[in-house]
Number of protein chains: 2
Amino acid sequence: MPTGKPAVPSVWARQRNKREQPALSQDRIVAEAVRLLDEEGIEALSMRSLGTRLGAGATSLYRHVASKDELIELVVDEIYGELEVPGESGAPDAWRESVAACAGSLRAMILRHPWAASVLGQVGLAELGPNLTRQSERMLALFHRAGFPAGEADRAMNTVIAYVIGMTVSEAAYLSMLARSGQSEQELMEGLRRVAEEAVRDLPLLREGYDERAGEDPSRLRDEGFAYGLERFLDGLQARLDALGAH
Amino acid sequence: MPTGKPAVPSVWARQRNKREQPALSQDRIVAEAVRLLDEEGIEALSMRSLGTRLGAGATSLYRHVASKDELIELVVDEIYGELEVPGESGAPDAWRESVAACAGSLRAMILRHPWAASVLGQVGLAELGPNLTRQSERMLALFHRAGFPAGEADRAMNTVIAYVIGMTVSEAAYLSMLARSGQSEQELMEGLRRVAEEAVRDLPLLREGYDERAGEDPSRLRDEGFAYGLERFLDGLQARLDALGAH
DNA sequence: ACGCCTATGCGAACACCGTACGCTAGGGTG
DNA sequence: CACCCTAGCGTACGGTGTTCGCATAGGCGT
């Protein structure tokens with residue numbers, strides 16, 4: 001008789017159901033999903049695995065989350081909540097430091113959750129969760145106070161966000177490849193170097209760069225590369241501010 | 001007897017096998033994959049569907065491609081081949097136009113293949129296919145000729161690539177959401193506006209921006225936003241060049 | 001001309017995925 | 001007490017990437 005067994009409610013299940021909590025909630029699900037993603041990466045996130053971690057069946061999640069896609073949107077907005085956007089900091093010409101701090105915080109957030117790299121391109125900034133909108137508003141205020149006129153502040157903001165995300169996503173993708181490979185960064189770079197050697201043989205400029213960076217600390221190089229671009233960027237924005245000021 | 005039927009070789013199959021081509025090749029597979037992605041998007045790409053389009057069984061592809069992941073790497077490198085990087089253009093102070101042309105070409109490429117947005121974050125720039133390395137070398141030459149010293153040219157290049165990719169990926173994600181929704185851009189924006197209205201009620205700056213852009217042509221706004229950031233960026237790089245020149 | 005060898009295609013099968021559906025149990029409300 | 005509504009779950013379906021072993025056919029050595 002294939003009709004379902006009565007879904008035998010073990011004492012534990014009954015106890016859990018009884019009281020304590022609703023046992024499952026969108027917040028719990030999203031929080032656990034972030035933990036799972038941090039620990040095991042994007043490929044390990046399935047409704048079944050997430051359900052198991054929550055001591056629940058896979059399909060139970062659908063009572064609180066419409067689909068896996070929606071779950072991912074929620075997860076992305078969740079980590080946007082970790083951003084630290086400086087508030088009113090008095091001096092309006094401190095905008096450079098404030099924006100740099102923002103950028104650094106965004107980069108740190110993505111590197112803390114490297115799986116975000118594979119997911120930001122699908123979600124985009126289009127889906128506006130509460131955290132993202134809140135942080136955007138705060139960040140926009142930075143540019144307003146810096147002196148950008150209304151129609152330009154959001155462009156300036158989008159511009160620096162785009163830079164940070166583009167830069168960091170590529171870092172994160174590299175790091176997650178590194179993690180997948182199971183090698184140390186030294187080993188991987190040596191391997192890449194060997195593989196690339198032939199391809200790069202007649203590409204002198206790339207080769208030059210390769211050699212130049214050979215002995216350096218990769219993590220420091222990444223930090224410096226990020227800072228370099230950010231400085232150029234802020235210089236350009238500052239120049240624009242000056243031009244506006246001189247109208 | 002469950003052992004396979006002799007896989008009856010229809011006349012057609014025999015004919016096709018006989019001559020013409022090896023019938024399947026990595027190039028054919030990659031090219032068809034790009035076509036499929038352009039026409040039906042990233043979700044429609046499966047080994048089975050791609051095999052069908054090629055008149056082949058799904059598993060036949062594995063003779064020419066190690067895995068779907070590798071296929072995606074190949075596909076990404078394939079479209080990098082579409083980039084147009086200006087070569088020797090005489091005047092070394094034409095670097096601004098050259099880099100801007102590069103950036104525009106990269107943006108156009110991504111917008112031509114919007115699925116790239118969801119894929120660039122997974123592949124990153126880490127996997128260096130022949131096209132990507134070749135184009136990087138050419139682009140690097142631009143910065144060298146502009147006057148950036150060896151250790152800085154690649155940073156400058158990565159910086160502007162990061163900006164372009166970050167900016168365009170977010171555009172592409174938005175556009176693909178638009179396409180999925182099946183609405184016109186006007187309708188979608190009106191819908192978003194209504195949904196966002198309440199959330200944005202007490203976020204005056206975001207609201208201001210929303211209202212300001214209400215009647216404008218979205219496509220032109222995107223172009224202008226991209227150009228705005230790029231100009232700021234190039235200004236910053238130019239300033240750096242000047243500082244270097246004055247050493 | 002024959003027979004082997006290797007490269008190529010493919011069908012079946014496996015493990016896993018997202019998710020629709022209908023059932024159950026239990027607490028809250030009349 | 002009877003009722004309903006909600007949260008959880010077992011089952012099942014269609015689809016996925018990939019493995020494996022078999023069938024085939026062309027090229028090559030003899």
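First the proteins, then the strands, lettered A, B, ... as listed; each starts at 1.
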Which heavy-atom pair separates [X] from [Y] by the least distance, and what is that distance?
| X | Y | result |
| --- | --- | --- |
| B/Leu36 | B/Ala44 | CD2-O, 3.6 Å |
| B/Leu132 | B/Asp77 | N-OD1, 2.9 Å |
| A/Ser60 | A/Leu24 | CB-CD2, 3.9 Å |

query: Nearest nucleotide by nearest heavy atom, which residue falls closer to the 5' end of DNA chain C, A/Met47 or A/Arg63?
result: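 Going by which nucleotide is closer to the 5' end, it is A/Met47.
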
- request: Please state whether the base of C/dG11 and the side chain of B/Thr59 form at least one donor-acceptor pair under 3.5 Å?
  value: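 Side chain to base: pair found, below 3.5 Å.
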
message: Tell me if the side-chain of B/Arg48 makes a donor-acceptor pair with the base of D/dG15, cut-off 3.5 Å, by modelled atom types.
response: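 Per atom types, no contact qualifies.
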
- prompt: For B/Ser60 and C/dT8, is the shortest distance between a side-chain N/O and OP1 or OP2 below 4.0 Å?
  reply: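 Checking B/Ser60 against C/dT8: no side-chain N or O falls below 4.0 Å of OP1 or OP2.
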
side-chain N/O A/His64 vs D/dT6 OP1/OP2, d < 4.0 Å: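 False: A/His64 side-chain N/O out of range (4.0 Å or more) of D/dT6 OP1/OP2.
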
- prompt: Base, sugar-phosphate, or nothing for B/Leu45, non-hydrogen atoms under 4.0 angstrom?
  reply: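 Sugar-phosphate contact only.
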
Side-chain donor or acceptor of B/Ser105 paired with backbone N/O of B/Glu84 under 3.5 Å: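 Yes, the answer is positive, given that a donor and an acceptor are paired below the 3.5 Å cut-off.
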
What is the distance from [atom1] of [X] to [atom2] of [N], rounded to the nearest Å?
| X | N | atom1 | atom2 | value |
| --- | --- | --- | --- | --- |
| B/Lys68 | D/dT18 | NZ | C1' | 12 Å |
| A/Leu50 | C/dT19 | CG | P | 13 Å |
| A/Ile42 | C/dC16 | CD1 | C1' | 16 Å |

field: Nucleotide of C/dC10, C/dG9, C/dC23 approaching B/Leu24 most closely (side-chain heavy atoms)
entry: C/dG9

